[in-house]
Amino acid sequence: MPSHLLSLADLSYPDIINLLDTASDMKEKRARGKTSTALKNKTLAMLFEKSSTRTRISFEVAMTELGGHAIYLNYKDIQLGRGESVADTARVMSRYVNAIMARVYKHETLIELSKNATVPVINGLSDIEHPCQLLADLLTIREYKGKFKGLNFSWIGDGNNVCNSTILACALTGMKITVACPEGYEPRNDIVEKAKELGGTVNIVRDPMKAAKNADILSTDVWVSMGDEDEYDQRLHDFKPYQINSKLLEQAKHDVMVLHCLPAHRGEEIAADIVDGPHSAVFDQAENRLHAQKALLMKLL
Ligand code: CP
Ligand code: NVA
């Protein structure tokens, strides 16, 4: 296991399987009402520059259920928001807490935190990646499909932070990924190159129908991510043909599963009858954030 989790590529395939096995075990124990004190007296600082429902709650509940404690810190409420440096913030926090989870605008902020912290730093979403989301997604895929190798993963829409981590997740676990996005919204080149180095197959196409063909998994995310609000009108226009809807689903395998990290914008990137329909795994996916992050916290701490 690495000492920090900034990118999904910080993990090896055995690390991932190990985390998923622990997560499944914790999930099963929780369902039977079994409690744990594995992180007794441990504290997680949760630093947020952006909004969050799932990440904030699942990390806090994970710490509580493991006998530890989490502190929510909006960057505006601490001296960071008044100009104290990221480096000093990391050094000071390390004297108090056992790990730092941060959701930031710029990925470099996470790198700066990790360089100066003496405790593990976890990426709770940056402009480049969302590795914790992908741990939950992989857990959900394994529950539904029982395997990774050879599955066709189709990403429809923005080549954003979640897409980047999805590409790395596919490369690490042997799933083939096709991304359908409009010109100018491709996933990052360095991520695609990294995925290929890891032995992954990444196809980037324009036609969402083509991308959805024979898909085992269809996934998407919002058209306007946090930080992209200035481009709202342009993005709504450009992404219009990239909606997961019943027509698109017809292209996929009959047992296709639909993922979305949430929050969903029904009628934009996904039709209401799909996100709320029988193929959707989105609420299991959201729940699995809790189990996957418990496993992550236990390994890193
Ligand atoms: N999927 C996800 O990270 O959701 P939040 O923004 O609510 O944390
Ligand atoms: N791509 C989205 C994900 C939110 C969980 C964003 O960055 O806003």
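Numbering of ligands and ligand atoms starts at 1, following listing order. The structure presented is a predicted model; accordingly, all values stated were derived computationally and were not measured. Just so you know, these numbers use all the heavy atoms, side chains as well, and skip hydrogens, waters and symmetry mates. Residue indices begin at 1 and follow the sequence shown.
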Does any N or O of ligand 1 fall below 3.5 Å from an N or O anywhere on [X], backbone included?
{"X": "R56", "value": "no"}
{"X": "L262", "value": "yes"}
{"X": "M226", "value": "no"}

Next item on the list: Verify the ring-centre separation between Y185 and Y242: is it less than 6.0 angstrom?
Entry: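 Not under 6.0 Å, so no.
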
Check: Quick check, are the ring centers of F48 and Y75 under 6.0 angstrom apart?
Finding: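 No: the rings miss the under 6.0 Å criterion.
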
Tell me, which protein residue and heavy-atom name are nearest [atom], and how many Å apart are they?
{"atom": "atom 6 (O) of ligand 1", "answer": "R103 NH1, 2.8 Å"}
{"atom": "atom 2 (C) of ligand 1", "answer": "R289 NH1, 3.4 Å"}
{"atom": "atom 3 (O) of ligand 1", "answer": "H130 NE2, 2.8 Å"}
{"atom": "atom 3 (C) of ligand 2", "answer": "D221 OD2, 3.5 Å"}
{"atom": "atom 7 (O) of ligand 1", "answer": "T53 N, 2.7 Å"}

Margin query: Distance under 4.0 Å to a non-hydrogen atom of M226: what atoms of ligand 2 satisfy this?
Written below: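 Taking each heavy atom of M226 in turn, ligand 2 has 6 (C), 7 (O), 8 (O) under 4.0 Å.
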
Checklist line | Atoms of ligand 2 close to L125 [distance to a heavy atom under 4.0 angstrom, numbered from 1] | finding: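 Matching atoms, with element in brackets: 3 (C), 4 (C), 5 (C), 7 (O).
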
So, regarding [X] and ligand 2 (criterion: nitrogen or oxygen to nitrogen or oxygen, under 3.5 Å), is there a contact or not?
{"X": "R103", "answer": "no"}
{"X": "N161", "answer": "yes"}
{"X": "H130", "answer": "no"}

Note to self: So F148 and I141, do their side chains get closer than 4.5 Å, heavy atoms only?
What the structure shows: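 Yes, their side chains come closer than 4.5 Å.
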
Hey, does the side chain of [X] reach the backbone of [Y] with a donor-acceptor pair shorter than 3.5 angstrom?
{"X": "R54", "Y": "R289", "result": "no"}
{"X": "S126", "Y": "H107", "result": "no"}
{"X": "S225", "Y": "D228", "result": "no"}

Next item on the list: Could you go through the side-chain contact (heavy atoms from CB on, under 4.5 Å) check for T178 and W155 one step at a time?
Entry: CA-CA 6 Å; T178 304; W155 177 274; over 6 Å; no

Next item on the list: Mind checking whether T55 contacts ligand 2 via backbone (N, CA, C, O), side chain (CB onward), both or neither, at a 4.0 Å heavy-atom cut-off?
Entry: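 Neither part.
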
Notebook entry, point to check: Under the criterion side-chain hydrogen bond (donor to acceptor under 3.5 Å, both in side chains), which of K29, R142, H291 is the partner of S24?
Noted result: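 Going through K29, R142, H291 one by one, the side-chain hydrogen bond (donor to acceptor under 3.5 Å, both in side chains) with S24 is satisfied by R142 alone.
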
Next item on the list: Just jot down the ligand 1 atoms closer than 4.0 angstrom to any heavy atom of C261, in number order.
Entry: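 Answer, ordered by atom number: 1 (N).
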
Next item on the list: Using a strict cut-off of 4.0 Å, indicate which atoms of ligand 1 neighbour a heavy atom of R54.
Entry: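 Close to R54: 1 (N), 2 (C), 4 (O), 5 (P), 7 (O), 8 (O).
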
Next item on the list: Kindly confirm or rule out a cation-pi arrangement of K50 over Y105, judged by NZ or CZ under 6.0 Å from the six-membered ring centre and within 45° of its axis?
Entry: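 Yes, a cation-pi geometry holds between K50 and Y105.
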
Notebook entry, point to check: Should V86 and I122 be counted in the same cluster of Ile, Leu, Val, Met, Phe, Trp and Tyr side chains packed under 4.5 Å apart?
Noted result: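 The answer is no; the residues belong to distinct hydrophobic clusters.
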
